[in-house]
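Reckoned from all heavy atoms, side chains included, excluding hydrogens, waters and symmetry mates.
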Amino acid sequence: MKKIGIIGTRIIHSYGYGMHLNRFNLQFAENNGQAVPQWQLDLMKKNPDTVPLGGASVTHISGGPENVPEDMAGTFGLKVTKTVEETIDACDLIMVMDEQIDSRTNLIRKALKAGKHVFADKLLSDKLEVTRELIGLAKDNNLLVSGWSQMGFCAEFDIFQNTDQGGVALISYNMKPEIFAMYGIHIITPMQVCFPGRVRHIELISKDADQLLALIINDNNTKIILSAGEHAQAGVVRIDYAINGQSILVQGGDRCAAFRRAAQEVAKIAQGARPVISDQELLDASLILEEICK
């Protein structure tokens with residue numbers, strides 16, 4: 001059984017992964033947890049009989065706000081370490097849960113230099129050259145590195161596997177434009193899943209306090225408008241796609257299923273399997289964020 005360690009300032013967001021990698025103590029989370037996010041507690045309450053995926057499990061944790069490591073340790077049976085280095089040393093794969101991009105990048109770099117595989121929640125970096133550096137560091141040390149949003153694992157988007165490319169898509173997500181650098185990956189990863197291909201054009205159409213609109217064109221000539229704003233429905237990614245006189249409307253919002261797929265990816269990487277997310281997709285995600293947010 002491979003060991004997974006969780007580090008970062010936002011480990012509080014890893015309950016959705018943990019419930020699929022470890023058996024969880026729901027009674028502890030409900031009655032003793034002081035810092036369990038309500039929506040993640042609800043996921044566990046609605047799915048109390050979730051069976052761990054196997055092959056890898058979370059064993060160590062370090063970081064996060066007050067009470068969070070202890071709450072996660074009680075919920076999932078983990079060891080809380082005093083330092084990040086202790087967690088890194090003890091595990092085969094490190095999950096980096098950090099919403100501050102520079103801090104996240106430094107933790108990814110630290111884990112790779114210590115000889116550990118890495119899965120970063122959301123992305124590696126919002127800078128293309130930094131992402132290229134981290135991918136190169138992993139390759140030089142025969143390691144695996146990946147980083148994606150669980151929104152990119154929504155099963156609802158599987159419908160696009162058998163859909164022609166080359167149409168026009170509008171992808172919407174509820175997000176303040178001012179935080180696009182940190183959370184824009186939630187809308188970029190569904191785009192990459194549904195409309196694969198190298199990015200060849202990026203254009204910021206407009207950005208104000210209420211909405212961000214950007215145009216992406218890939219090498220399949222699919223034209224994609226990304227829309228981020230609080231006008232969109234919360235908690236889901238909505239995709240409106242039109243091609244050849246037909247249209248498809250899909251909303252990805254089954255978070256439990258998405259987290260299970262994401263956790264399966266983490267477990268596979270811990271066991272040495274290649275990530276489903278390609279290096280080019282990681283690079284393109286960083287390029288999009290860099291261009292839109294510059």
Counting only N and O atoms by type, is there a donor-acceptor contact under 3.5 Å from the side chain of [X] to the main-chain atoms of [Y]?
X      : Y      : result
Thr222 : Gly166 : yes
Arg198 : Asp219 : no
Gln40  : Val36  : no
Ser103 : Glu99  : no
Asn220 : Gln165 : no
His20  : Ala263 : no
Glu281 : Ser278 : yes
Asn174 : Ala232 : yes

Within one Ile-Leu-Val-Met-Phe-Trp-Tyr cluster: [X] and [Y], side-chain cutoff 4.5 Å:
X      : Y      : value
Val84  : Ile61  : no
Ile6   : Val80  : yes
Met95  : Leu107 : no
Leu213 : Ile202 : no

Under a plain distance cut-off of 3.5 Å, with no hydrogens placed, do [Y] and [X] share a side-chain donor-acceptor pair?
X     : Y     : result
Thr87 : Thr81 : yes
Asn25 : Thr75 : no
Glu86 : Thr83 : yes

Distance-minimising heavy-atom pair for [X] and [Y]:
X      : Y      : result
Leu134 : Val145 : O-CG1, 4.2 Å
Pro177 : Asp210 : CG-C, 3.8 Å
Ala270 : Leu93  : N-CD1, 3.6 Å
Ser149 : Thr189 : CB-OG1, 3.6 Å

Quick check on [X]: does its [atom1] atom have over 12 non-hydrogen neighbours (other residues, nucleotides or ligands) under 6.0 Å away?
X      : atom1 : value
Lys2   : NZ    : no
Lys3   : NZ    : no
Asn31  : CG    : yes
Glu203 : CD    : yes
Asp102 : CG    : no
Leu204 : CG    : yes

side-chain hydrogen bond (donor to acceptor under 3.5 Å, both in side chains) pairs, two or more places apart, involving residues 41-62: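 Only Gln38-Asp42 qualify under side-chain hydrogen bond (donor to acceptor under 3.5 Å, both in side chains).
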
Please state whether the rings of [X] and [Y] are parallel, tilted or perpendicular, taking 30° and 60° as the class boundaries.
X      : Y      : result
Tyr241 : Phe195 : tilted
Phe259 : Tyr17  : perpendicular
His186 : Tyr173 : tilted

Between [X] and [Y], does any side-chain N to carboxylate O distance fall below 4.0 Å?
X      : Y      : value
Asp279 : Lys139 : yes
Asp240 : Arg238 : yes
Glu290 : Lys127 : no
Arg104 : Asp126 : no

Non-hydrogen side-chain atoms of [X] and [Y] separated by less than 4.5 Å:
X      : Y      : value
Thr105 : Ile101 : yes
Ile288 : Glu291 : no
Arg260 : Met19  : no
Cys91  : Ile4   : no
Ile224 : Leu215 : no
Asp71  : Asn32  : no
Arg274 : Leu144 : yes
Asn218 : Asn221 : no

Give the C-alpha distance, both sets of side-chain angles, the deciding distance and a yes or no for side chain to side chain contact (heavy atoms under 4.5 Å, CB included) between Ile135 and Thr131. CA-CA 6 Å; Ile135 291 172; Thr131 298; 3.9 Å; yes

With sequence neighbours excluded, what pairs up with Asn244 under the side chain to side chain contact (heavy atoms under 4.5 Å, CB included) test? Asp164

Between Ile269, Leu143, Val96, which is the residue that forms a side-chain contact (heavy atoms from CB on, under 4.5 Å) with Val118? Val96

Just verifying a value: how many Å separate [X] [atom1] and [Y] [atom2], rounded to the nearest 0.5 Å?
X      : Y      : atom1 : atom2 : result
Gln211 : Lys176 : CD    : NZ    : 15.0 Å
Ile94  : Ile7   : CD1   : CD1   : 5.5 Å
Ile243 : Lys223 : CD1   : NZ    : 10.0 Å
Lys122 : Met182 : NZ    : CE    : 9.0 Å
Thr163 : Asp158 : OG1   : CG    : 10.5 Å
Leu282 : Arg132 : CG    : CZ    : 12.0 Å

Ring pair (Phe, Tyr, Trp, His ring centres under 6.0 Å) between Phe119 and Trp148, intermediate numbers included: CA-CA 8 Å; Phe119 182 91; Trp148 238 29; 9.0 Å; no

